[in-house]
A.B. asks: 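Okay, here's the structure, questions in a sec.
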Amino acid sequence: MASTSTAKKKSTKKDLRAKILEAYQEQLLLKGENPASVYAFCKDLGISESEFYQHFSDFEAVASQFWIGIFKESTKRLGGSPEWDEFMVREKLLTFYYSFFEAIKGHRSYALLTLKGSLLGFKKEFADIKDLKTDYKKWLKGLINEGQAQGEIAGRSKLSDIYDDIFWYQFMFLLDFWRKDRSSNFEKTDEAIEKSVNLSFDLIEKNALDSAFDFGKFIFQNR
Amino acid sequence: MKEQDRIYSSRSQRTGKFLKTGVKLGANYLKHYGKKMVTGEDNRDSLQERNAEDVYEALSSLKGSALKVAQMLSMDQGILPQAYTQKFAQAQYSAPPLSYPLVVKTFQQYFKESPTELFDSFSKQSVAAASIGQVHQASLNGKKLAVKVQYPGVATSIQSDLKMVKPVVSTMFNISQAEINHYLEEVEVRLLEETDYELELQRGQSISEACKDIKGLRFPKYYEEFSSERILTMDWLEGLHLDKFIATNPDQESRNQLGQILWDFYDFQIHKLRELHADPHPGNFLFNQNGELGIIDFGCIKTLPDSFYQNYFQIMKPAISENEEEFLDLLYKLQFLLPSDSEKEVNHFKVIYADLLKLLGRPFFEEQFDFSNKAYFEEVYALSEIFQNDKLVRNAKAGRGPKDAIYLNRTYFGLYNILHLLGAKIHTHSAVNDLFLV
């Protein structure tokens with residue numbers, strides 16, 4: 001009995017979280033701006049302010065939850081595919097992007113609304129996706145380690161440390177591309193994913209660059 | 001606004017590629033004429049070869065529909081010197097293969113299932129490149145299947161490629177822009193049709209049904225339940241591509257037999273169906289050692305309108321040019337001659353066309369024709385070179401010839417070429433002979 005009641009509690013807790021997120025998105029989509037205050041928002045939703053604060057500290061946290069949600073949804077789906085374990089890291093990353101952009105397609109209006117400005121300005125990082133950045137980079141580090149262990153990705157001392165940053169910019173580039181994509185079914189985004197991932201993996205694989213670097217280092221040290 | 005910039009910049013980059021080729025071609029000509037002045041030698045062949053190489057290089061780095069258009073134009077113009085056509089014969093749409101995750105995504109988009117869930121087995125790597133996609137091998141219930149998956153964004157890139165290719169190709173091939181326009185309308189329609197795999201499925205089914213009585217022909221069965229706009233599933237046909245087949249040194253008898261099947265297939269389509277598989281690329285035929293011919297790829301189908309059909313084959317009648325009145329009438333009807341032509345142009349063109357028709361129609365005028373005859377093809381190339389370098393033709397302001405002829409000419413061009421490579425002797429007596437009797 002006890003266990004079912006906690007499960008029930010947990011599920012209502014989860015429902016409320018989803019409810020807040022949904023209401024917040026709707027508000028933003030219809031009115032185009034944040035609610036006047038958490039108080040007003042809660043009143044409209046018929047919940048108490050303390051219930052809100054149990055889940056989120058402010059609206060920014062709600063907004064950020066949207067991106068985390070999509071991210072989690074798409075990474076969760078990946079493990080379910082029977083071929084996942086056989087995939088090379090390159091294919092895993094491709095699969096992730098395809099499933100991320102598939103998942104976000106259903107929320108395009110909201111995404112476009114919040115992504116108004118370019119993501120590639122670098123000036124001020126878009127606050128909503130800060131948490132996404134942390135999660136993505138953590139997930140990607142795992143992939144890169146896997147790739148390095150299998151020899152698919154070349155270890156390049158200092159450079160390896162910033163692989164995750166580089167891939168984060170690639171992700172932002174793709175998100176920005178998708179934002180501006182007007183092709184049917186976002187086919188152009190598919191192409192962009194395909195080409196950019198292939199390019200990045202051609203670069204981080206063991207290749208001429210490594211030999212060139214190795215040779216350069218040798219000359220530098222021995223002349 | 002930003003998006004516009006991006007498209008234009010990439011287009012101008014590609015145009016830049018063409019211009020560079022233009023410059024290179026110019027340099028080749030300079031070299032050629034320089035050498036000629038010094039040595040007095042006129043080695044046009046090597047000049048053409050150098051040009052062909054440069055053109056080919058530029059085009060193959062462009063890929064996609066730009067390359068296809070150039071191929072089309074080169075075929076229709078006759079019509080390019082031998083060196084060009086050899087180079088172009090190698091040309092294939094060779095985009096980098098689609099990654100497996102994108103293939104899976106495409107499947108999920110149309111069937112809500114991944115290929116390994118739909119089929120018993122599915123090759124992760126593509127086994128061949130199709131014209132605008134790639135082919136995977138699959139199996140289901142013990143049956144081997146070929147699954148064609150289209151590259152994303154092909155249809156949109158066709159339109160922008162065609163716009164880009166127009167001005168540049170026009171200078172490259174010495175054809176006026178007006179003439180290019182005349183062709184491009186037709187080519188664009190066909191190319192866009194090729195991107196619709198649902199249409200291809202229907203056409204494949206209807207043509208194979210119509211041709212089922214022709215002995216020795218084999219068509220794949222198509223599977224509607226595993227096909228969509230961008231995925232086409234059919235039976236896997238066994239057989240060899242032309243070059244591999246020839247490498248097995250088949251005897252003359254089987255060469256003739258297979259060549260005859262091919263000829264009969266086209267003859268039936270052109271004269272009975274008036275609708276034809278208009279992409280006689282060697283890659284679309286599978287030669288089987290037990291004397292069967294497999295036909296794949298029904299992406300490009302041309303329907304022949306009645307009036308065009310009548311005129312086109314009337315003008316192929318032997319000795320048509322001796323009946324001046326009828327001949328001129330047909331030339332006007334087929335727009336080889338235009339009402340705006342001066343008397344000088346009329347007299348000039350009529351001789352050229354008479355020669356061209358006599359030569360290209362020769363296989364039809366005899367009971368049997370030996371396509372291994374090298375001299376005949378040399379003659380065709382020589383004449384097309386004369387045609388190509390003709391001053392009046394070059395400066396023609398308007399397009400000549402009916403646009404319906406483009407794909408029919410291309411078909412005959414490809415058909416002659418395959419039969420020549422095959423070295424087949426063909427009974428060309430066909431439905432067309434009945435027309436000649438009229």
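Per chain, numbering begins at 1; letters A, B, ... match sequence-line order.
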A.B. asks: For B/Pro101, does its backbone N or O pair with a side-chain atom of A/Glu91 as donor and acceptor, under 3.5 Å?
C.D. replies: no
A.B. asks: State whether the number of non-hydrogen atoms from other residues, nucleotides or ligands found under 6.0 Å of A/Glu73 atom CD is greater than 12.
C.D. replies: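 More than 12 within 6.0 Å, yes.
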A.B. asks: Is A/Lys105 atom NZ crowded by more than 12 heavy atoms from other residues, nucleotides or ligands, each under 6.0 Å away?
C.D. replies: yes
A.B. asks: Is B/Arg230 salt-bridged to A/Glu187, going by a charged N under 4.0 Å from an acidic O?
C.D. replies: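 Salt bridge present between B/Arg230 and A/Glu187.
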A.B. asks: Quick check: are there more than 12 heavy atoms from other residues, nucleotides or ligands sitting under 6.0 Å from CD of B/Glu198?
C.D. replies: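 It does: B/Glu198 CD has more than 12 such atoms within range.
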A.B. asks: Once rounded to the nearest 0.5 Å, what's the spacing between atom OG1 of B/Thr106 and atom OH of A/Tyr98?
C.D. replies: 8.0 Å
A.B. asks: In Å and rounded to the nearest 0.5 Å, what is the OG to CE distance from B/Ser99 to A/Met88?
C.D. replies: 12.5 Å
A.B. asks: Should we say atom CD of B/Gln125 is surrounded by more than 12 heavy atoms from elsewhere, each under 6.0 Å from it?
C.D. replies: no
A.B. asks: Answer yes or no: are there more than 12 heavy-atom neighbours, outside A/Glu26 itself, under 6.0 Å from its atom CD?
C.D. replies: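 No, because the 6.0 Å sphere around CD of A/Glu26 holds 12 heavy atoms or fewer from other groups.
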A.B. asks: Just verifying a value: how many Å separate A/Asp190 CG and B/Gln109 CD, rounded to the nearest 0.5 Å?
C.D. replies: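 So the gap between those two atoms works out to 7.5 Å.
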A.B. asks: Would you compute the distance between atom CG of A/Leu94 and atom OH of B/Tyr100 and round it to the nearest 0.5 angstrom?
C.D. replies: 13.0 Å
A.B. asks: What I want to find out is whether A/Glu86 reaches B/Lys124 closely enough, with some N-O distance under 4.0 Å, to be called a salt bridge.
C.D. replies: no
